[in-house]
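First up is the structure itself, then whatever we jot down about it.
Quick caveat: nothing in here was measured; it's all calculated off a predicted structure. In what follows, residues are counted from 1 in the order of the sequence shown. Both counts, for ligands and for their atoms, begin at 1 and track the order of listing.
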Amino acid sequence: MTRYSALSLLKNAFSHHEAWAPAWRKAEPRDSYDVVIIGGGGHGLATAYYLAKVHGITNVAVLERGPIGLGNTGRNTTIVRSNYLWDESAALYEKALSLWEGLSQDLNYNTMFSQRGVLNLAHNHGDVLEAQRRVHALRLNGIDSEYLSRDEVKAFCPIIDIRPDVRYPVWGGTLQRRGGSARHDAVAWGFARAASERGVDICERCEVQGIRREGGKVVGVETSKGYIKAGKVGIVTAGHSGVVAAMADIRLPVESHPLQALVSEPVKPIIDCVVMSNAVHVYVSQSDKGELVIGAGVDAYTSYAQRGSFHVIEHQMGALLELFPIFSRMRMLRQWGGIVDVTPDASPIIGKTPVDNLFINCGWGTGGFKATPGSGWVFAHTLATGQPHAINAPFALSRFETGKLIDEHGAAAVAH
Ligand SMILES: Cc1cc2nc3c(=O)[nH]c(=O)nc-3n(C[C@H](O)[C@H](O)[C@H](O)COP(=O)(O)OP(=O)(O)OC[C@H]3O[C@@H](n4cnc5c(N)ncnc54)[C@H](O)[C@@H]3O)c2cc1C
């Protein structure tokens, strides 16, 4: 495959950019693989890439029922950060952040990762104490984090309203300067291209409809394109994890909820960081196209419909204007929803299942985009060795039996 470079850009300019080779091979599934990954979102594709790159396992297929990256990977608000409170989460998300920092070079694909800083606002005395505690906990874990006073918040993000007589006055905030955002599609396409280059088959429009077992062990998958034998199978299907796990008679402690986001009309650069607030519950950043990217919380009900309720949008807009009255006359351009898989402790499940050679990576809920490279890295280790890496060992399915939960419902301000 041609390496992307300034030279290849120049060469293709002579043919009006009409002669670029496809970014990845369009593979049809073969009869048998060492590893089959169900789900061609960012996490599944990253797993395949690191299996090939780090573990030399290339007889791998990623089976995706639609085109790759059109699940939550292509629907999220792209916030990347590692400021999680508990040690287990901090280690996992920080592994991911350290991979993000070299990802474009590693994949030879511009993921547009922009470390513009993530600001989490505090709106009352309790928030301030919690924020300061979080800053200390993060620093003890070697993760960059600072506490900003009200005036420092204003200096960092001048368009925030810090007047003291509003309903939710800003008292201060925490800042992770290494946090920021990335281009979601580019993450899926970059991992797909790099995995395909190393020999992985990416099979689109290939839906898994059954998981075949013999003697308590997985032996293959039934798909819309026929039966495929597999040495090991990894389920990485986010909002549909419960459905796919049920094919192997596994009942997951996961609920699927709609989560929506929306973007405004594009405007000139006005906000050059990510701002999140738990009290008003909104998060906002500006895309490279100029659109404000705005998100909120999940709809309370469970559903597989990829759309959310109007009252959530109304709340989202109200919350946005609490912080940024300057946006009051902005028009919204489009809105969409994804289906997120939420566990009881709001932490992911990454590891073995009760069925031999069947592994699962799910439960990322509202915040898995930031983890994409780290999730793929640890899951590839788990699939390759049959054992979890030290980083994902605490995230085993069995924690719901032992009670050793990792409660991240507070997850550094809002859900994402
Ligand atoms: C509106 C919204 C905003 C969000 N904002 C953020 C954010 O700012 N930051 C953050 O970190 N996270 C965020 N998230 C969460 C994040 O998007 C997800 O946690 C993450 O993208 C999950 O990636 P994935 O690869 O596991 O899932 P997906 O990208 O959903 O991939 C799963 C794939 O499995 C496929 N699949 C399902 N069933 C089958 C089957 N039977 N056979 C074959 N394929 C199948 C699906 O088609 C899908 O492509 C947000 C999510 C939403 C919806």
*asked:* On a heavy-atom basis, I'd like to know which of N72, T47, V80 is closest to atom 30 (O) of ligand 1.
replied: N72

*Report the part of Q260 in contact with ligand 1, treating N, CA, C, O as backbone and CB onward as side chain, heavy atoms under 4.0 Å; options are side chain, backbone, both, neither.*
backbone

Output a table of donor-acceptor pairs, distance under 3.5 Å, between side-chain atoms of residues 235-247 and any protein atom two or more places apart or on a different chain; print 'none' if there are none.
| from | atom 1 | to | atom 2 | distance (Å) |
| --- | --- | --- | --- | --- |
| T237 | OG1 | S241 | N | 3.4 |
| S241 | OG | A238 | N | 3.2 |
| S241 | OG | A238 | O | 2.6 |

Taking only distance into account, with no hydrogens and no angle test, what donor-acceptor pairs under 3.5 Å do side-chain atoms of residues 262-271 form with protein atoms, sequence neighbours excluded?
| from | atom 1 | to | atom 2 | distance (Å) |
| --- | --- | --- | --- | --- |
| S264 | OG | L292 | N | 2.9 |
| E265 | OE1 | R331 | NE | 3.3 |
| E265 | OE1 | R331 | NH2 | 3.1 |
| E265 | OE2 | R331 | N | 3.1 |

*Could you list which atoms of ligand 1 come closer than 4.0 Å to a heavy atom of L63?*
43 (C), 44 (N)

*So N278 and D127, side-chain hydrogen bond (donor to acceptor under 3.5 Å, both in side chains) or not? Walk me through it.*
CA-CA 9 Å; N278 194 21; D127 275 5; 5.7 Å; no

*Heavy-atom gap G42 to ligand 1 smaller than 4.0 Å*: yes

*Distance-only, no hydrogens or angles: does the S398 side chain make a donor-acceptor pair with backbone N or O of E401 under 3.5 Å?*
no

*asked:* Under a 4.0 angstrom heavy-atom cut-off, which atoms of ligand 1 come close to G338?
replied: 53 (C)

*asked:* Below 4.0 Å from ligand 1: does a non-hydrogen atom of G367 turn up there or not?
replied: yes

*ligand 1 atoms in contact with V244 (distance to a heavy atom under 4.0 Å)*: 41 (N)

_Below a 4.0 angstrom heavy-atom separation, can you tell me which part of H240, side chain or backbone, both or neither, approaches ligand 1?_
side chain

*asked:* Any atom of ligand 1 sitting under 4.0 Å from a heavy atom of S181?
replied: no

*Salt-bridge contact D201-R25 (side-chain N to carboxylate O under 4.0 Å)*: yes

